[in-house]
Amino acid sequence: MKDDLLLDPLIDILVNAKNIAVLTGAGISAESGIPTFRGEEGLWKQYRAEDLATPGAFENDPSLVWEWYDWRRGIIGSKDPNPGHFVLASWEKDFPSFHIITQNIDGLHQNAGSKNVLELHGNIWKLRCTGKGTLFDDQNIPLEEIPPLCSDCGALLRPHVVWFGESLDMGILNDAFLLSRECNVMFVVGTSAVVQPAASLPLTARESGAAIVEINPDATPLTAYVDFSFRGRSGEILPLIDKKLIQAQKPGKD
Ligand code: BV8
């Protein structure tokens, strides 16, 4: 399998690496049964992003936007992490510095046990008061009321996610760029690498001398710039890399 030819040189790098960063997108959750955004049955295919994941859409019709998020919460709520999530969670203890930077809002990395997770685009289980910015955790499926109102001040609640045209949390974004500059290896898993500013992180890592490892069944605009391109599903490729890494570490594994 041609991936085997890639594995040995990658393992050689990983056994000496100290700082690992992982950028994930919707593709890492695809094998958990969560539709991606731009795939054949992608979420956006049924809706135009402009209609639903923008501040304007929410202002025009908060109930319509909440219906869509409530539907997605229903899908995500019944899904479990897959082997790709679990491998990444297990690697957190294997490297001095290991961080996941995710574009996903499904919380599956945390459900798999990952602790060092930066959520660039927020989290679908968090609601934010449009009046005072108060955050609420809400796992109800379905939501008790649509649109949900703040129990403190009665204002409309919105999903605590970053919509198109909204800026990301500057602290989180700065941390993400810092991790990208400092990592020895950046895995880029399951992202079409088109959404900014997330898609700039791997290029920042590359400019800082990191080895870039892309895991994706398809090519992306990033593929030409990566050092290792595994064309496959992350639920299969990550366990494959993990197996080889354990074999490499076993002789000296304490
Ligand atoms: C901002 C949350 C500025 C909501 C999302 C240049 C610079 C700055 C901004 C822009 C720019 N150019 C354009 C922009 C605007 C825009 C943008 O990037 N547009 C794109 C479409 C061109 N960016 C923004 O609006 C951002 N804001 O920069 O604001 C600003 C500055 C100051 C003041 C005001 C404003 C905000 C972007 C965040 C938008 N929110 N989500 C929600 O989810 O409901 S984005 C949405 O797309 C999701 O978060 C998703 O994660 C993200 C990216 O998609 P992917 O994760 O990559 O998923 P996709 O389906 O596309 O791809 C899946 C991949 O997986 C595929 O490649 C597939 O092959 C692969 N795959 C499939 N199966 C598997 C697999 N891989 C592995 N294994 C498998 N089994």
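Each ligand, and each atom within it, is numbered from 1 in the order the structure gives.
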Inset, instruction - With the side chain counted from C-beta on, respond yes when Asn104 and His121 share a heavy-atom pair under 4.5 Å apart, and no when they do not. - result: no

Legend entry - Pairwise side-chain contact, Trp91 with Asp94, heavy-atom cut-off 4.5 Å (strictly under): yes

Inset, instruction - Answer side chain, backbone, both or neither: which part of Ile105 comes under 4.0 Å from ligand 1, heavy atoms only. - result: side chain

Legend entry - Sub-4.5 Å side-chain heavy-atom contact between Val188 and Thr220: no

Inset, instruction - Please work out whether any backbone atom (N, CA, C, O) or any side-chain heavy atom from C-beta onward of Arg233 is under 4.0 Å from ligand 1, and answer side chain, backbone, both or neither. - result: both

Legend entry - Heteroatom distance test (Gly25, ligand 1): nitrogen or oxygen, under 3.5 angstrom: no

Inset, instruction - Find all atoms of ligand 1 within a distance of less than 4.0 Å from any non-hydrogen atom belonging to Tyr69, and give their numbers and elements. - result: 4 (C), 42 (C), 44 (O)

Inset, instruction - Test Asp8 against Lys244 for salt bridge (Lys or Arg N to Asp or Glu O under 4.0 Å), laying out the working first. - result: CA-CA 8 Å; Asp8 291 345; Lys244 281 277 190 178; 3.8 Å; yes

Legend entry - ligand 1 to Pro197 polar contact by distance, N or O atoms, under 3.5 Å: no

Inset, instruction - Over all heavy atoms of both residues, which pair between Ser192 and Pro221 is shortest? Give the atoms and the distance, please. - result: O-CD, 3.3 Å

Inset, instruction - Flag the pair Ile105 / Tyr69 as yes when at least one side-chain heavy-atom distance between them is below 4.5 Å, and no otherwise. - result: yes

Legend entry - Heavy-atom check, side chain of Val226 versus side chain of Val213, under 4.5 Å: no

Inset, instruction - Looking only at distances, please establish whether an N/O atom of ligand 1 is found under 3.5 Å from an N/O atom of Val161. - result: no

Inset, instruction - Under 4.0 Å, heavy atoms only, figure out whether ligand 1 is touched by the backbone of Ala26, its side chain, both or neither. - result: both

Legend entry - Contacting atoms of ligand 1, where contact means under 4.0 angstrom from a heavy atom of Gly165: 24 (C), 25 (O), 34 (C), 35 (C)

Legend entry - Any side-chain heavy-atom pair of Lys132 and Asp152 under 4.5 Å: no

Legend entry - Side chains of Leu14 and Ile241 in contact at under 4.5 Å (non-hydrogen atoms): yes

Legend entry - Minimum side-chain heavy-atom gap Leu240-Phe230 below 4.5 Å: no

Inset, instruction - Report yes if some N/O of Gly235 lies less than 3.5 Å from some N/O of ligand 1; otherwise report no. - result: no

Legend entry - Between CD1 on residue Ile75 and CG on residue Asp70, distance to nearest 0.5 Å: 10.5 Å

Inset, instruction - Enumerate the atoms of ligand 1 whose separation from the nearest heavy atom of Val195 is less than 4.0 angstrom. - result: 18 (O), 37 (C), 47 (O), 52 (C), 53 (C)

Inset, instruction - Can you sort out which atoms of ligand 1 are near Ala30, meaning under 4.0 Å from one of its heavy atoms? - result: 73 (N)

Inset, instruction - Please work out whether any backbone atom (N, CA, C, O) or any side-chain heavy atom from C-beta onward of Glu166 is under 4.0 Å from ligand 1, and answer side chain, backbone, both or neither. - result: backbone

Inset, instruction - May I ask you to list the atoms of ligand 1 that are less than 4.0 angstrom from any heavy atom of Asp218? - result: 69 (O)

Inset, instruction - Would you check whether Thr220 has a nitrogen or oxygen atom less than 3.5 angstrom from a nitrogen or oxygen atom of ligand 1? - result: no

Inset, instruction - Starting at CD1 of Ile76, measure out to CD1 of Ile34 and round the result to the nearest 0.5 Å. - result: 5.0 Å

Legend entry - Atom CZ of Phe95: over 12 foreign heavy atoms under 6.0 Å: yes

Legend entry - Residue selection (non-hydrogen contact nearest atom 52 (C) of ligand 1) among Gln103, Glu31, Arg231: Gln103

Inset, instruction - Enumerate the atoms of ligand 1 whose separation from the nearest heavy atom of Arg72 is less than 4.0 angstrom. - result: 42 (C), 43 (O), 44 (O)

Legend entry - Which segment of Ile124 sits under 4.0 Å of ligand 1 when only heavy atoms are counted: neither

Inset, instruction - Answer yes or no: does an N/O atom from Phe37 fall short of 3.5 Å to an N/O atom of ligand 1? - result: yes

Inset, instruction - Compute the minimum heavy-atom distance from Asn216 to ligand 1 and say whether it is under 4.0 Å. - result: yes

Inset, instruction - Using a strict 4.0 Å cut-off to heavy atoms of Pro217, name the atoms of ligand 1 that fall inside it. - result: 71 (N), 74 (C), 75 (C), 76 (N), 77 (C)

Inset, instruction - Find all atoms of ligand 1 within a distance of less than 4.0 Å from any non-hydrogen atom belonging to Thr191, and give their numbers and elements. - result: 55 (P), 57 (O), 64 (C), 65 (O), 67 (O)

